[in-house]
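To start, the structure under review is shown below, and the notes come after it.
Below, chain A is the first sequence line, B the second, and so on; all start at residue 1.
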Protein chains: 2
Amino acid sequence: MAAQQARYRQVVAELRRTIAEDGYGSGGRLPSEKSLAEQFDVSRGTVRQALAVLRSDGVVTSRRGTRRVVLDNPPLQDFAELTNFARWARSLGEHPGGIVIHQEQRTATLEEQQYLRLAPGDEVLWVLRLRMLSGRPVMMERTAYPKSVGELVAQMPADADSVTDLLAAQGLLFADADHTIDLVLAGTQDAEHLGCAVGGPLLRERRRSTDPAGVPVEWSDDRYLPGTVAFSVHNSLGSSALTRRRTS
Amino acid sequence: MAAQQARYRQVVAELRRTIAEDGYGSGGRLPSEKSLAEQFDVSRGTVRQALAVLRSDGVVTSRRGTRRVVLDNPPLQDFAELTNFARWARSLGEHPGGIVIHQEQRTATLEEQQYLRLAPGDEVLWVLRLRMLSGRPVMMERTAYPKSVGELVAQMPADADSVTDLLAAQGLLFADADHTIDLVLAGTQDAEHLGCAVGGPLLRERRRSTDPAGVPVEWSDDRYLPGTVAFSVHNSLGSSALTRRRTS
DNA sequence: CAGTGGTCTAGACCACGGG
DNA sequence: CCGTGGTCTAGACCACTGC
């Protein structure tokens, strides 16, 4: 079982379960915070902490004056499933695969310096990987790791299913990530390994991940074959995680 | 001035300002909650409420045992800027434009029934719009509104800059939205109006928006020309707004 | 007007990080 | 070990919704 001690997290889990079982009806209304507090035998503050989680996950609404309403809730993944290709693949019932095609240690480019918060002259480990779902190529991944992280990555087998898991085993956790999603055309390298035409469209996700202390640990450019993935986001008046940008 | 009464929101604003001015240094650490509470003359609870906002916006980290760290914070838009094409365009210094190409009231398709939570036989207003930035076509928008909303939309001029603003003026607010981002190939309709090749790649954002009560008010399929936009998301261990899905 | 969620307080104890 | 953020409580008042 996953670590789950905080009382409010238990409340989150119980509420999620009830909602999933349609306990309040689709588009139905939750009991008041007061009655939930009595039901779970916690204070209203704890109930509100739990409800804040459901709110930010887009499971329920919240408005002064009325009870909370259950939204048609999309199945949500946790953070690990997003940052971790292998775990995601398995959750789909597919077999994850990955091959390191090229790997080198070199001085960070300007872009890498910026995203990984490095000084000029600092080194990075740059890795080019092909990712597969049950043997089918789906994604080209170009990742730059700062030197300290790179030293761990470099020791991994070239066909490691999950770099993230191996890093976690070393105590290196991913806590935050910024993602930018856009469209690019396949270069010769992409085309060769993904088996698409040069100039063919790819869905790109660029990602900068940081550890719990806020130190950047990864800067990646992932390019997916069309028709293999889509990205979903929920946001609301209170918390807008999503942003539309002009392509730079 | 924007409405801003809640004390914790003022604290958010002040902290944001200080951070923006590099008051704590890049990658620097915030004062403790206790000292912030004294500084702002509020309780620790209020400070924590403010910090939670900055946390979920990806501005600062949070870990037990250490002070919060300032992340390299990407400039964030508010919710309105994402849901509102015209407002977004203006924030880029561009002139927003939109033309209704086709519009019809008809019975909802199965898909529309599902996303807008309608009953079989319910009607929707379906609108096909071309969106422009300073005269250049950038996006094809196909939106279905439930009948009640559609009646408001239908009264709007065909070249209205912002449907959202006009709806807001009628008291209809957008409070929550689910977005799915993927890649599609242009159909003949897309190609004709966007001026791209049939079969050319487009970045698609599908969106379902709901009002504060959780009632769906819009279901849209927006297709952007390559190179015009990118979407950015922040997420973290605690709140995962982003999801990677297999294309369905 | 009654009920609900939003805000705020003051205090308490715990778990973790780092010296 | 100390300082920090994480969790939880009990109570208060306010702003809004909807009857």
Side-chain angles (χ1 to χ4, degrees), chain A residues 3-15 24 28-56 59-71 171-173 175-176 211-215 236-239, chain B residues 3-15 24 28-56 59-71 171-173 175-176 211-215 236-239:
Chain A
Q4 177 135 300
Q5 357 176 327
R7 190 73 182 92
Y8 82 90
R9 294 209 168 272
Q10 300 171 22
V11 174
V12 167
E14 294 207 45
L15 287 173
Y24 305 119
R29 283 149 80 224
L30 252 58
S32 71
E33 295 177 356
K34 185 161 169 287
S35 72
L36 285 173
E38 288 163 5
Q39 178 188 327
F40 290 112
D41 193 30
V42 296
S43 75
R44 190 182 157 214
T46 302
V47 167
R48 282 184 59 80
Q49 208 171 349
L51 289 170
V53 173
L54 297 178
R55 174 83 186 94
S56 91
V59 177
V60 300
T61 63
S62 64
R63 255 199 320 167
R64 225 189 306 235
T66 18
R67 294 217 183 144
R68 290 164 190 273
V69 172
V70 178
L71 291 170
L172 206 167
L173 296 176
D176 281 84
D211 72 7
V215 178
S236 61
L237 268 174
S239 76
Chain B
Q4 177 137 299
Q5 0 178 326
R7 190 74 182 88
Y8 80 91
R9 294 210 168 273
Q10 299 171 23
V11 174
V12 167
E14 294 207 44
L15 288 173
Y24 305 119
R29 284 149 79 226
L30 253 57
S32 70
E33 295 178 356
K34 186 161 170 288
S35 73
L36 285 174
E38 288 163 6
Q39 179 187 327
F40 291 113
D41 193 31
V42 296
S43 74
R44 188 180 159 216
T46 301
V47 167
R48 283 184 60 77
Q49 209 172 349
L51 290 170
V53 173
L54 297 178
R55 175 83 187 93
S56 91
V59 178
V60 299
T61 63
S62 65
R63 258 200 317 170
R64 223 188 312 233
T66 15
R67 295 218 181 143
R68 292 165 191 272
V69 172
V70 178
L71 292 170
L172 207 168
L173 296 176
D176 280 84
D211 72 7
V215 178
S236 63
L237 268 174
S239 76

Would you say D/dG6 has OP1 or OP2 under 4.0 Å from some side-chain N or O of B/Arg48?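 Indeed, a polar side-chain atom of B/Arg48 lies that close.
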
Taking A/Arg7 for its side chain and A/Phe40 for its backbone only, find out whether a donor-acceptor pair lies under 3.5 Å. yes

Donor-acceptor pair, side chain of A/Gln10 and main chain of A/Gln5, under 3.5 angstrom: yes

Just compare [options] and give me whichever is closest to any side-chain atom of [X].
X       : options              : value
B/Thr66 : C/dG18, D/dG5, C/dG6 : C/dG18
B/Thr46 : C/dT9, D/dG5, D/dC8  : C/dT9
A/Glu33 : D/dG6, C/dC8, C/dG5  : C/dG5
A/Val42 : C/dT9, D/dT9, C/dT7  : D/dT9
A/Arg67 : C/dT4, D/dT17, D/dG6 : C/dT4

Measure from [atom1] on [X] to [atom2] on [N] and round the result to the nearest Å.
X       : N      : atom1 : atom2 : answer
A/Gln49 : D/dG6  : CD    : P     : 10 Å
B/Arg68 : C/dG17 : CZ    : C1'   : 15 Å
B/Arg63 : C/dC16 : CZ    : P     : 12 Å
A/Lys34 : C/dT7  : NZ    : P     : 21 Å

Shortest non-hydrogen contact from B/Ala213 to A/Arg63? CB-NH2, 3.5 Å

Donor/acceptor link under 3.5 angstrom from B/Arg44 side chain onto base of D/dG6: yes

Under 4.0 angstrom, heavy atoms only, what part of the nucleic acid is A/Arg7 near: base, sugar-phosphate, or nothing?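 A/Arg7: backbone/sugar contact only, no base atoms under 4.0 Å.
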
